[in-house]
Asks: 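Handing you this structure, nothing more for now.
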Amino acid sequence: MATTSITVRIDEDLKKQVELLFNDMGLNMTTAFIIFAKAVVKQNKIPFEITADPFFCESNMANIKKIVDKYESGDAVLVTKTMEELEDMANA
């Protein structure tokens with residue numbers, strides 16, 4: 001079977017972390033990615049769930065922008081609660 005080469009750009013720290021993990025599994029980067037590619041083809045999908053971080057959803061980003069704008073304009077109201085008050089609110 002003929003083989004070909006691919007190039008993937010990845011953050012240097014992430015590469016080091018994943019290489020260490022693959023090494024612990026007895027794999028190198030190439031073998032791990034071949035296993036991944038075969039699983040994708042066999043299952044006809046990414047073989048794990050991919051979800052977005054809800055923190056970065058559009059509505060949350062809009063709310064954060066409003067809060068920052070209020071803070072920067074001096075209109076922000078800071079509310080402080082003790083841990084006990086927060087626990088009471090959570091248990092109510």
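In this text the structure is predicted, and so the values were computed from the model without any measurement.
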Asks: Mind jotting down which residue pairs meet the salt bridge (charged side-chain N to carboxylate O under 4.0 Å, His left out) criterion with at least one end in residues 48-68? Sequence neighbours excluded, please.
Replies: K65-D69

Asks: Who else is in the cluster with V8 when I, L, V, M, F, W and Y are joined by side-chain contacts under 4.5 Å?
Replies: I6

Asks: May I have the list of side-chain donor-acceptor pairs in residues 19-32 shorter than 3.5 Å, sequence neighbours left out?
Replies:
| unit_1 | atom_1 | unit_2 | atom_2 | d |
| --- | --- | --- | --- | --- |
| E19 | OE2 | K15 | NZ | 3.2 |
| N28 | OD1 | T30 | N | 3.2 |
| N28 | OD1 | T31 | N | 2.7 |
| N28 | OD1 | T31 | OG1 | 2.9 |

Asks: Could I get the full list of side chain to side chain donor-acceptor pair (under 3.5 Å) partners for D75, not counting sequence neighbours?
Replies: S73

Asks: Quick one: side chain to side chain donor-acceptor pair (under 3.5 Å) partners of T51, sequence neighbours excluded?
Replies: none

Asks: Taking OH in Y71 as the centre, count heavy atoms belonging to other residues, nucleotides or ligands within less than 6.0 Å. Is the count above 12?
Replies: no

Asks: Applying the 4.5 Å side-chain criterion to the ILVMFWY set and letting contacts propagate, would F56 and I50 be lumped into a single cluster?
Replies: no

Asks: Report the residues that fulfil side chain to side chain contact (heavy atoms under 4.5 Å, CB included) with D88, sequence neighbours left out, ordered by chain and then residue number.
Replies: E84

Asks: Should side-chain heavy atoms under 4.5 Å link Ile, Leu, Val, Met, Phe, Trp and Tyr, which residues sit in the same cluster as I10?
Replies: L14

Asks: Write out all pairs satisfying salt bridge (charged side-chain N to carboxylate O under 4.0 Å, His left out) with one or both partners inside residues 1-12, taking only residues at least two apart or from two chains.
Replies: E12-K16

Asks: With clusters built from Ile, Leu, Val, Met, Phe, Trp and Tyr whose side-chain heavy atoms come within less than 4.5 Å, directly or transitively, what are the remaining members of the cluster of I34, listed by chain and number?
Replies: none

Asks: Sequence neighbours left out, cut at 3.5 Å: what donor-acceptor pairs do the side chains of residues 41-48 make with other protein atoms?
Replies:
none

